[in-house]
Number of protein chains: 2
Amino acid sequence: MTVSHTPTETENQVASRLAGQPIDFNSMAVVSNLFRAANAVRNHLERTVLAQHNLSWTAFVVLWVAWVWQESETRCVAEESGISKATLTGVLKTLEKLGFTTRRRSEKDGRLVIVGLTAEGNALMQRLIPEFNKHESELAAVIPTGQRDEMADHLRAVTTFALASDQ
Amino acid sequence: MTVSHTPTETENQVASRLAGQPIDFNSMAVVSNLFRAANAVRNHLERTVLAQHNLSWTAFVVLWVAWVWQESETRCVAEESGISKATLTGVLKTLEKLGFTTRRRSEKDGRLVIVGLTAEGNALMQRLIPEFNKHESELAAVIPTGQRDEMADHLRAVTTFALASDQ
DNA sequence: GAGAGATTGTTTGGATACGAACAAAAAGTA
DNA sequence: TACTTTTTGTTCGTATCCAAACAATCTCTC
């Protein structure tokens, strides 16, 4: 059993530790809950859906991006997966070893590498996407129907702002 | 310059690739944007605020939890930081080497280890928290004032559900 | 076309990140 | 008291993850 503090206990303790200081608790709650949620959902999906296929979260995201476009340059895959080029190199090494992705040099530009999906990769995604989506539905179900689009919009806006701040 | 697809382009491509299948696009948008946002915000804050102090995101979260409670058992710190016990051991090793945290055995229970903050750790957080909160305000500002609490509530609900699903 | 500059994927080094196995200590049981 | 069982933090092995350094390739300029 858990001995940890409840979220409410923690927030009260934070408020008391920061009493008197000009802190924007409202924004703090939004950001910290953003990470709590992302973390909890990620761990949940990794354990329930991904683990049985020997896939890490990032590996699945990369696989997802590759599936969406079928053929894509590594720089695009890295950016759309939200990871660095260096990380992608390692993840692709793993996915290639598992037999899900392929890599080949571009004929037009010798610097570029094109990422593709194998037949096994496509078959895996065909099974994985509906299963994954079922869990997404369960998770989003805790948000009132009419507010899900709004939620997605706000998250998109936050993403855009954060990315723009990095130039 | 970016050659990548825009988020809208990607979502259109996904819709076309999944045409005909019974997919809950609404929930998919919520979940995928949750991760995009968390990822973008994390990278942004790591680069703008944390990097100059040699702190990783996780190290900051652990430091934050330790600061909130001043003295806390490792199992609590791990759970509230959203990381495993094994990961915490490594992060605490780093933070201890940087001189920000301390570790000592509990007298009452020889299995437990109590995490504490050094004077340097407290001083660092005293400077870091307001700076961090300023960025949180900027990020949350893209969400209409009246909807921030709602947003935090929804994220809390998602977290609760995801954690509950893991028993 | 020759050299400077920019772009791309990989390698390197160090810090996360997890599950599983482990040793130490506490709690439960007889 | 002896034993089993449970709990806790660490270690181990493996897979991410990033910035910085790097080599290969392309582009630009003259």
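Side chains are part of it too, since the values below use all heavy atoms of this structure and drop only hydrogens, waters and symmetry mates. In this text the structure is predicted, and so the values were computed from the model without any measurement. So you know, we letter chains A, B, ... as the sequences are listed, proteins then strands, and number each from 1.
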Exercise for review: Run the numbers on B:Glu71 and B:Arg104 for salt bridge (charged side-chain N to carboxylate O under 4.0 Å, His left out), then give the verdict.
Suggested key: CA-CA 10 Å; B:Glu71 293 243 301; B:Arg104 63 175 177 80; 2.6 Å; yes
Practice item. Give the rounded distance in Å between these two atoms: CH2 of B:Trp57 and C1' of D:dT16. Key: 18 Å
Check your understanding: For D:dT11, does OP1 or OP2 lie under 4.0 Å from any side-chain N or O of B:Lys93?
Key -> yes
**Study point:** Residues from residues 96-111 of chain A lying under 4.0 Å of DNA chain D - heavy atoms
**Key:** A:Asp109, A:Gly110, A:Arg111
Check your understanding: So which nucleotide from C:dT11, D:dA19, C:dT16 ends up closest to the side chain of B:Arg47?
Key -> D:dA19
Study note, to complete from the structure: When rounded to the nearest 0.5 Å, the distance separating CE of B:Met28 from CD1 of A:Ile129 is 6.5 Å
**Study point:** Minimum-distance nucleotide (side-chain atoms of B:Val113 versus D:dC18, C:dT10, D:dG9)
**Key:** D:dG9
Practice item. Please examine the side chains of B:Thr10 and A:Glu80, heavy atoms only from C-beta on, and report whether any two atoms are closer than 4.5 Å. Key: yes
Review point. For B:Ser56, which contact category applies under a 4.0 Å heavy-atom criterion: base, sugar-phosphate, or nothing?
Key: sugar-phosphate
Check your understanding: Expressed in angstrom and rounded to an integer, what is the separation of B:Phe60 atom CZ from C:dA15 atom C1'?
Key -> 18 Å
Review point. Quick one: do A:Val14 and B:Val49 end up in the same hydrophobic cluster if we chain Ile, Leu, Val, Met, Phe, Trp and Tyr together by side-chain heavy atoms under 4.5 Å apart?
Key: yes
Point to revise | Integer-rounded Å distance: D:dT25 P and A:Lys85 NZ | key: 16 Å
Check your understanding: Counting only N and O atoms by type, is there a donor-acceptor contact under 3.5 Å from the side chain of A:Thr87 to the main-chain atoms of A:Ile83?
Key -> no
**Study point:** Length of the CD1-P vector between A:Ile83 and D:dA19, whole Å
**Key:** 12 Å
Review point. B:Thr94 near the nucleic acid: base, sugar-phosphate alone, or nothing, with a heavy-atom cut-off under 4.0 Å?
Key: sugar-phosphate
**Study point:** Most 5' of A:Asn43 and A:Leu92 on DNA chain C, judged by nearest nucleotide
**Key:** A:Leu92
**Study point:** Length of the CG-C1' vector between B:Asn39 and D:dC18, whole Å
**Key:** 12 Å
Practice item. Please report, rounded to the nearest Å, how far the C1' atom of D:dT16 is from the CG atom of A:Leu95. Key: 12 Å
Study note, to complete from the structure: The nucleotide from D:dT16, D:dG9, C:dG19 with an atom nearest the side chain of A:Thr87 is D:dT16
Review point. Starting at CD of B:Glu73 and ending at C1' of D:dG9, how long is that distance when rounded to a whole Å?
Key: 12 Å
Review point. Does A:Glu131 pair with A:Arg127 as a salt bridge, N-O distance under 4.0 Å?
Key: no
Study note, to complete from the structure: Of the candidates C:dT12, C:dG9, D:dG9, the side chain of A:Ala86 sits closest to C:dT12
Practice item. Kindly assign one of parallel, tilted or perpendicular to the pair A:Trp57 and B:Phe35, based on the angle between their ring planes and the thresholds 30° and 60°. Key: tilted
Point to revise | Atom-to-atom span, CG of B:Leu50 to P of C:dT16 - whole angstrom | key: 11 Å
Review point. With a non-hydrogen cut-off below 4.0 angstrom, is B:Leu88 in contact with a base, only sugar-phosphate, or nothing?
Key: nothing
